[in-house]
2 protein chains.
Amino acid sequence: MAQPTMQQVAERAGVSLALVSLVMRQAPNVSDYRRQLVLEAAAELGYRPNVLARNLASRQTSTIGVVLNDIHNPFFAEIIDGIQAAFDEAGYRVLIGNGKRSPSGEAEMIETFLQFRVDGIISAGATMSMSSIEAASESTKIVVVGRSSRSQLIDSVNTDDVSGARMAVDHLVELGHHRIAHIDGGTGAGAEARRRGYSEAMTDHGLSAEIVTAGGDFTESGGYLAASELLSQSNQPTAIFAANDLSAAGALHRVEDAGLIVPDDVSIVGYDNTALAAMQHLSLTTVNQPRDELGRLAVRFVLERLRDKRTDSVHHMVAPTLVNRKTSSRLTTGAAT
Amino acid sequence: MAQPTMQQVAERAGVSLALVSLVMRQAPNVSDYRRQLVLEAAAELGYRPNVLARNLASRQTSTIGVVLNDIHNPFFAEIIDGIQAAFDEAGYRVLIGNGKRSPSGEAEMIETFLQFRVDGIISAGATMSMSSIEAASESTKIVVVGRSSRSQLIDSVNTDDVSGARMAVDHLVELGHHRIAHIDGGTGAGAEARRRGYSEAMTDHGLSAEIVTAGGDFTESGGYLAASELLSQSNQPTAIFAANDLSAAGALHRVEDAGLIVPDDVSIVGYDNTALAAMQHLSLTTVNQPRDELGRLAVRFVLERLRDKRTDSVHHMVAPTLVNRKTSSRLTTGAAT
DNA sequence: TTGTATGCGTTATCAT
DNA sequence: ATGATAACGCATACAA
């Protein structure tokens, strides 16, 4: 397992250590002749740069750490694509860490990345405290995505969840619904804003008396349980707005279990527009978060700090859109209040 | 962004560099008094070990790289859980790399991990050539999971896909089906064995004349297209066995699009038993791969090589099981051949 | 128990 | 264009 070093490459090529280093870093001022010599020696030995030594000496890693709140949530997994594409272009490698849906899990991954001295960190859907993240920002460039923030220290990229939630409610109201319940996302990222958007929109429509929120947690089972709670009430909702697609799927199942038809008896609207919602078997009406764009913007912000030395924080909001699929429909007159 | 070093901690605590190092590594032979001194100084400075320097000096990283063929495929994402849990116990940190569903993407991640000199690599669902993986095994301990292998150099953990596919066919035959088609996984990991198990089982049941395979690629859209192909044939299948849950979901949708009822008109069986299949709205009959066990075994094998210095390769097969849900049912007499 | 000195595999500065 | 050589931040024999 002992790996060849530059020293050995140098000896084999009959040149100095420094020359090998120059070749490995694609330096311009090296004669073609010696460059070939070095390259051949390296290939013969199966030399591979030791990134630990390189990073230690150069004081930079060209590596970005991405910590996902939950690798199982398609929303976070889909943000990765934009991040990876953008960093590939910029010449950075990206390492992924799983936060295991807990603040401590996220904190551990951030600590690990800091110990590795990564050049930057993107935290997707962080549930850990903002102050902990700010503490980490003393050591590296860090931007949060999918979570609102007004921090003076770190950048954020986020969907305008308040208006996203409003879109969901507006859509349902247009379809004639009044008894619109909300399954929220508990303490998850974005849950608070969606809750607020829901309440505001209901109030604006003169439906403040109909506001009903059941507690969820961004998981399918959480959505199932929350829907149970909603169905057992005397005044069953004719429509449910769930804080994300996963919980919408859970609610959908619970409603169908009760012998009700979606959307005829109950309309359901999700949030995120993940691949799950797009699955045609589900075909969930939902609020789209432009995941690729979120990822790319996050990358742009860390690059701005890295290359342009920007120091003031920026908070970017992207606009959600409603995706009308098959789980929502006009309220049938028989079911009206 | 300049980080404090041990040197600074040492000066502040009024002790030697080496003493600080001992404290940081939780060495036993340090007086409580000085240990406190060092710990306090470190805390005051916000000292954080530089893992690059530490790993360089100690020649080990206590880090494992996990490369996922596709972070979006729930099967791979779910293997991570077992891996992380097992490595947490063993005191290793795990970094995740996304192979982006391509051999070159996987190769790049492996190269990155090798440059980081990780102590071991677990590759889940690798589609890159076995010889490339073997080449990497000269530099670190590497085990593949979810992909068959008979390599003399590297370990593998895999579900017995041949018998898993057989289970699916046996199940359908028991339900009275004869015209059982297969949507395969193309060049994906495990696809070949599942194709073989399907053919063998069909032959064993005297149904070799009914063998029909449509090309898929382990994605939902691939399953949808393959199902289209199957439905357009003169002799429509009464049952479809898809090589994974994702393509089964795609097929399910295509069948329903055709106005057919699942399972009344067409039964569908998937493979993997991911959270997707378990989603009650889908409720897919499928073949279970024990993902947690697969992950834990993979970890065990790299630890055996790391700690017990095992050098001969081991190939472990775990047994699949059939999970009977709602997408398969007895063939109705009217539809019989 | 604590300190000194050397090396880990690079990068980078300064000569030549 | 190429070569010495001093960092980089830490671990680790070895000495005290």
Side-chain angles (χ1 to χ4, degrees), chain A residues 1-39 41-42 45-63 93 112 114-119 139-140, chain B residues 1-39 41-42 45-63 91 112 114-119 139-140:
Chain A
M1 306 262 119
Q3 305 278 34
T5 69
M6 287 202 335
Q7 181 65 54
Q8 299 172 39
V9 174
E11 285 167 11
R12 179 159 193 133
V15 301
S16 75
L17 216 188
L19 208 268
V20 176
S21 176
L22 288 174
V23 172
M24 289 307 161
R25 285 178 285 151
Q26 336 238 39
N29 294 334
V30 176
S31 67
D32 283 348
Y33 173 64
R34 308 241 178 177
R35 182 186 301 279
Q36 273 317 116
L37 235 50
V38 170
L39 256 22
L45 289 173
Y47 170 76
R48 181 167 7 238
N50 183 326
V51 119
L52 300 174
R54 166 178 292 181
N55 295 348
L56 180 61
S58 69
R59 268 163 292 263
Q60 59 158 19
T61 59
S62 296
T63 301
R93 50 166 75 83
T112 292
L114 289 179
Q115 293 186 0
F116 268 97
R117 300 296 193 265
V118 294
D119 291 344
S139 311
T140 192
Chain B
M1 305 262 120
Q3 305 277 37
T5 68
M6 286 201 337
Q7 181 65 53
Q8 300 173 39
V9 175
E11 285 166 11
R12 179 161 193 130
V15 301
S16 75
L17 220 187
L19 210 264
V20 177
S21 176
L22 289 174
V23 172
M24 289 307 160
R25 285 178 286 145
Q26 335 238 42
N29 293 334
V30 176
S31 68
D32 283 347
Y33 173 65
R34 307 240 179 178
R35 180 185 304 277
Q36 272 318 115
L37 235 50
V38 169
L39 256 21
L45 289 173
Y47 170 75
R48 184 174 355 244
N50 183 326
V51 118
L52 300 174
R54 167 179 290 182
N55 294 347
L56 182 61
S58 68
R59 266 162 294 261
Q60 59 157 22
T61 59
S62 296
T63 301
T112 292
L114 289 180
Q115 292 186 2
F116 267 98
R117 300 296 192 265
V118 295
D119 290 344
S139 311
T140 192

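Labels below follow one simple rule: chain letters A, B, ... track the order of the sequence lines, proteins then strands, and each chain is numbered from 1.
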So V15(A), base contact, sugar-phosphate only, or nothing? Heavy-atom distance under 4.0 Å.
sugar-phosphate
Whole-Å distance, E11(A) CD to dG9(C) P, equals 12 Å
| said: Applying a 4.0 Å non-hydrogen cut-off, can you work out what M6(B) is touching in the nucleic acid: base, sugar-phosphate, or nothing? | reply: sugar-phosphate
Rounded to whole Å, CG of L56(B) lies from C1' of dA7(D) at a distance of 13 Å
* So, the side chain of S62(B) versus the backbone of G91(B): is there a donor-acceptor pair under 3.5 Å, distance only? -> no
### Touch class at under 4.0 angstrom, heavy-atom based, for R34(A) against every strand present
sugar-phosphate
To the nearest angstrom, the CD-P distance between Q7(A) and dT10(C) comes to 10 Å
By nearest-heavy-atom nucleotide on DNA chain D, the more 5' of R48(B) and S31(A) is S31(A)
Taken to the nearest whole Å, CD/Q115(B) to P/dG9(C) is 15 Å
When rounded to whole Å, the CG to P distance for the pair N55(B) and dA11(D) reads 9 Å
Closest to the side chain of S58(A), out of dT10(C), dT2(D), dA12(C), is dA12(C)
### Query
For dT2(C), does OP1 or OP2 lie under 4.0 Å from any side-chain N or O of S16(B)?
no
Of the candidates dA11(D), dT10(C), dT1(C), the side chain of N29(B) sits closest to dT1(C)
Between V30(B) and R59(B), whichever has its closest DNA chain C nucleotide further toward 5' is V30(B)
Q: Output yes when a side-chain donor or acceptor of S139(A) lies under 3.5 Å from a complementary backbone atom of Q3(B), and no otherwise.
A: no
So OH of Y47(A) and CG of L39(A): to nearest 0.5 Å the spacing works out to 12.0 Å
message = Once you apply a heavy-atom cut-off of 4.0 Å, does Y47(A) come out as touching a base, just sugar-phosphate, or nothing?
response = sugar-phosphate
note: L22(B), atom CG; dC10(D), atom P; distance rounded to Å ~ 14 Å
*asked:* Looking at D119(B), is its backbone amide N or carbonyl O close enough to the side chain of T61(B) to form a donor-acceptor pair, meaning the two atoms are under 3.5 Å apart?
replied: yes
| OP1 or OP2 of dG9(D) sitting under 4.0 Å from any side-chain N/O of T5(B)? | no
In whole angstroms, the gap separating P of dC10(D) from CG of L52(B) amounts to 10 Å
DNA chain C nearest-nucleotide lookup for L17(A) and A18(B): closer to the 5′ end is A18(B)
Separation of dA1(D) atom P from Q36(A) atom CD, nearest Å, is 16 Å
### Query
For L19(A), which contact category applies under a 4.0 Å heavy-atom criterion: base, sugar-phosphate, or nothing?
sugar-phosphate
OP1 or OP2 of dG9(C) versus the side-chain N and O atoms of R54(A): is any pair under 4.0 Å? no
Requested in this report: Please tell me if the side chains of R34(B) and L19(B) come closer than 4.5 Å, counting only heavy atoms from C-beta onward.
Outcome: yes
Please tell me if the side chains of L56(A) and N50(B) come closer than 4.5 Å, counting only heavy atoms from C-beta onward.
-> yes
